[in-house]
Amino acid sequence: MASPLRTLLPRSTRHLGATALQTPARCFLQHQQKRFQSTTLAAPDALDPELTSIDLSGLSVTQTTTPKSITPNEELVFGRTFTDHMMSIEWTAQEGWLPPRITPYQNLSLDPATCVFHYGFEAFEGMKAYKDRNGNIRLFRPDKNMKRMNRSAARIALPTFDGEKMIELISQFVKMEERFIPSNRGYSLYIRPTIIGTQRTLGVGPPGSALVYVIASPVGPYYPTGFKAISLEATTYAVRAWPGGVGNSKLGANYAPCIVPQMQAAARGFHQNLWLFTDVDPATGEKEDFITEVGTMNLFVALQNKDGQKELLTAPLDGTILEGVTRDSVLELARERMGPQGWQVNERKFTMRELSEAAAEGRLLEVFGAGTAAVVSPIRNISYRDQMIDCGLPPGKEVGPVTLQMKNWIEGIQYGEEEHPWSIRI
């Protein structure tokens with residue numbers, strides 16, 4: 001029987017404090033930004049302990065009777081090879097989370113009327129397991145993935161869960177799949193936790209049942225033969241995310257609409273889209289193209305400002321930016337290790353005009369994307385309104401020193417070469 005309707009909390013209507021503003025446009029923009037930053041949308045039972053708790057003692061394990069052969073490292077293609085097993089756990093509005101299961105990898109059986117097919121009740125995560133030089137299995141900041149998955153799920157009225165318990169389940173699943181984790185540096189086991197609404201209904205409402213399942217795929221280096229700097233098309237005809245939307249949630253619905261613009265950019269010779277958002281600049285009252293993300297990654301820019309100060313910057317978490325785990329790692333490491341070297345590390349809005357001016361004046365040092373798949377991805381140039389912006393890489397160079405240093409720092413932690421609280425040995 002379908003559960004009672006779980007209505008969503010209303011959008012926050014907290015009054016914003018008085019601020020000295022120069023123009024009506026600036027007043028509106030700052031009001032909107034603060035409004036969306038302070039707003040949290042979730043079902044009212046999202047944190048009900050009876051509906052979020054997981055009983056690990058009920059875990060059942062069924063071993064496969066037909067183990068798969070191991071794909072040679074050089075033949076691995078991202079997301080094409082899968083391990084022997086999967087982990088799953090069902091949820092109902094009446095009983096909360098049911099006993100978890102680890103079973104042989106298998107198809108899902110869902111009614112054609114299942115709500116995920118019709119209304120997009122789906123969120124997911126991307127994380128990796130690594131094998132260090134001593135053969136230990138390590139996860140990288142899994143708590144960040146679980147917190148983000150809970151935020152994403154809550155935003156679309158799917159149930160949330162105890163993050164620590166889910167990490168324990170994922171750890172047990174990964175240990176079962178240890179033989180699929182390559183030992184070589186640069187290789188890892190990609191882990192894909194997914195949550196979907198499973199209620200059989202064509203009615204539009206919060207699902208009365210859901211499923212979390214976790215699958216895994218051995219993967220190789222994003223750049224198997226070394227870094228290859230990419231070119232971007234600054235996209236002005238399509239928007240990835242907007243204030244008050246779900247750009248800060250890791251939902252499948254955020255990815256599919258980006259494929260056609262990516263195909264169009266590729267047809268014009270570019271590797272990826274640089275996503276822009278046109279809005280009023282509060283400093284000038286004029287419209288500007290603000291830089292948000294690149295493809296499916298967060299974007300970082302290293303430049304020298306007009307005062308000669310070196311600055312590493314990325315867009316702020318204003319509700320349109322995905323709170324990337326690699327993004328947060330780059331920021332924390334930069335503040336800790338580059339700050340003492342004289343770098344400023346900032347999360348702030350910046351525009352294509354600022355980027356173009358820095359490039360023209362020789363102040364643009366490096367641009368790179370950051371994400372789980374590649375860690376970092378160097379960018380050579382950006383096409384923007386009939387001009388090609390050079391992103392600071394000298395001819396013949398595929399990666400800059402800041403980008404390379406970030407890759408080495410993060411991978412050193414991921415593979416246990418540097419002992420760090422972010423690397424969790426299981």
Check ion pair [X]-[Y] (N to O, under 4.0 angstrom):
X	Y	answer
Arg425	Asp132	no
Glu347	Arg335	yes
Lys250	Glu323	no

Within 45° of the six-membered ring axis of Tyr105 and under 6.0 Å from that ring's centre, is NZ or CZ of Lys68 located there?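 Yes, cation above the ring, under 6.0 Å and within 45°.
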Using the ring of Trp422 (Phe, Tyr or Trp, six-membered ring only), decide whether Arg141 places NZ or CZ under 6.0 Å from its centre and within 45 degrees of its axis.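 Positive - Arg141 is close enough to the ring of Trp422 and near enough to its axis.
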Side-chain donor or acceptor of [X] paired with backbone N/O of [Y] under 3.5 Å:
X	Y	answer
His271	Ser231	yes
Asn136	Lys131	no
Trp91	Leu51	yes
Ser423	Ile413	yes
Arg151	Ser249	no
Asn305	Gly308	yes
Ser152	Leu251	no
Gln106	Pro104	yes
Gln414	Tyr130	no

[atom1]/[X] to [atom2]/[Y] distance, rounded to the nearest 0.5 angstrom?
X	Y	atom1	atom2	result
Leu110	Arg200	CG	CZ	12.5 Å
Ser188	Tyr415	OG	OH	5.0 Å
Leu169	Phe161	CG	CZ	10.0 Å
Leu355	Leu303	CG	CG	7.5 Å
Gln199	Ser209	CD	OG	5.5 Å
Thr236	Leu276	OG1	CG	7.0 Å

Please find the pair of heavy atoms, one from Glu293 and one from Leu322, that lie closest to each other, and give the distance.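 It is OE2-N, 2.7 Å.
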Looking only at heavy atoms, what is the nearest atom pair of Ile102 and Met87, with distance?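 Ile102 and Met87 have their closest heavy atoms at CG1-CG, 3.8 Å.
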Other residues, nucleotides, ligands: >12 heavy atoms within 6.0 Å of [X] [atom1]:
X	atom1	value
Glu286	CD	no
Arg80	CZ	no
Arg363	CZ	yes
Glu164	CD	no
Arg353	CZ	no
Arg337	CZ	yes

Step-by-step side-chain contact (heavy atoms from CB on, under 4.5 Å) determination, Ile89 to Leu211: CA-CA 6 Å; Ile89 178 169; Leu211 171 72; over 6 Å; no
So Tyr190 and Arg192, side chain to side chain donor-acceptor pair (under 3.5 Å) or not? Walk me through it. CA-CA 7 Å; Tyr190 184 84; Arg192 173 55 63 89; 2.9 Å; yes
May I ask you to test the [X]-[Y] pair for a side-chain heavy-atom distance under 4.5 Å?
X	Y	value
Ile382	Met388	no
Leu299	Leu274	yes
Leu139	Ser171	yes

Does the pair Val174 and Ile181 meet the rule for a side-chain contact (heavy atoms from CB on, under 4.5 Å), with working shown? CA-CA 9 Å; Val174 168; Ile181 308 176; 4.0 Å; yes
As a quick check of understanding, evaluate side-chain contact (heavy atoms from CB on, under 4.5 Å) for Tyr255 and Thr296, giving each step before the final call. CA-CA 8 Å; Tyr255 289 76; Thr296 58; 3.7 Å; yes
Can you list, pair by pair, the side-chain donor-acceptor contacts under 3.5 Å of residues 113-125, counting residues two or more places apart and other chains?
{"from": "Thr114", "atom 1": "OG1", "to": "Asp111", "atom 2": "N", "distance (Å)": "3.2"}
{"from": "Thr114", "atom 1": "OG1", "to": "Asp111", "atom 2": "O", "distance (Å)": "2.6"}
{"from": "His118", "atom 1": "NE2", "to": "Pro112", "atom 2": "O", "distance (Å)": "2.8"}
{"from": "Tyr119", "atom 1": "OH", "to": "Leu202", "atom 2": "O", "distance (Å)": "2.5"}
{"from": "Glu122", "atom 1": "OE1", "to": "Gly252", "atom 2": "N", "distance (Å)": "2.8"}
{"from": "Glu125", "atom 1": "OE1", "to": "Asn145", "atom 2": "ND2", "distance (Å)": "2.9"}
{"from": "Glu125", "atom 1": "OE1", "to": "Arg148", "atom 2": "NE", "distance (Å)": "3.3"}
{"from": "Glu125", "atom 1": "OE1", "to": "Arg148", "atom 2": "NH2", "distance (Å)": "2.6"}
{"from": "Glu125", "atom 1": "OE2", "to": "Arg148", "atom 2": "NE", "distance (Å)": "2.8"}

Using the side-chain contact (heavy atoms from CB on, under 4.5 Å) rule, take Leu232 and Phe270 through it: C-alpha gap first, then chi angles, then the decisive distance, then the call. CA-CA 5 Å; Leu232 306 180; Phe270 301 98; 5.9 Å; no
Positive for ring pair (Phe, Tyr, Trp, His ring centres under 6.0 Å) with Phe300, one of Phe350, Trp343, Phe368: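 Filter result, single survivor: Phe368.
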Run the side chain to side chain donor-acceptor pair (under 3.5 Å) check on Asp84 and Thr64 step by step: do they pass? CA-CA 7 Å; Asp84 285 335; Thr64 183; 5.2 Å; no
Which pairs would a plain distance check flag for residues 369-381, meaning a side-chain donor or acceptor within less than 3.5 Å of a matching protein atom at least two apart in sequence or in another chain?
{"from": "Ser377", "atom 1": "OG", "to": "Tyr223", "atom 2": "OH", "distance (Å)": "2.5"}
{"from": "Arg380", "atom 1": "NH2", "to": "Lys397", "atom 2": "O", "distance (Å)": "2.3"}

Please determine whether side chain to side chain donor-acceptor pair (under 3.5 Å) holds for the pair Tyr384 and Glu233, giving the CA-CA distance in whole Å, both sets of side-chain angles, and the decisive distance to 0.1 Å. CA-CA 7 Å; Tyr384 174 66; Glu233 182 178 67; over 6 Å; no
Given the rule in the salt bridge (Lys or Arg N to Asp or Glu O under 4.0 Å) test, do Lys349 and Asp281 qualify, once you have shown the distances and angles that lead to the verdict? CA-CA 9 Å; Lys349 289 184 174 293; Asp281 186 339; over 6 Å; no
Residues 398-407 side chain polar contacts: donor-acceptor under 3.5 Å, at least two apart:
{"from": "Glu398", "atom 1": "OE1", "to": "Ala229", "atom 2": "N", "distance (Å)": "2.8"}
{"from": "Thr403", "atom 1": "OG1", "to": "Glu366", "atom 2": "OE1", "distance (Å)": "2.7"}
{"from": "Lys407", "atom 1": "NZ", "to": "Glu411", "atom 2": "OE1", "distance (Å)": "3.0"}

Assess the side chains of Thr320 and Thr292: does a donor N or O sit below 3.5 Å from an acceptor N or O?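 On atom types as modelled, these side chains do not qualify, holding no pair under 3.5 Å.
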Walk me through whether Thr52 and Asp162 qualify under side chain to side chain donor-acceptor pair (under 3.5 Å). CA-CA 6 Å; Thr52 60; Asp162 183 321; over 6 Å; no
Is the distance from the ring center of Phe290 to that of Phe277 below 6.0 Å?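 Between Phe277 and Phe290, which both carry aromatic rings, the centre distance is not below 6.0 Å.
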Lys306 and its salt bridge (charged side-chain N to carboxylate O under 4.0 Å, His left out) partner, picked from Glu357, Glu354, Glu311: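 Per the salt bridge (charged side-chain N to carboxylate O under 4.0 Å, His left out) rule, the option paired with Lys306 is Glu357, out of Glu357, Glu354, Glu311.
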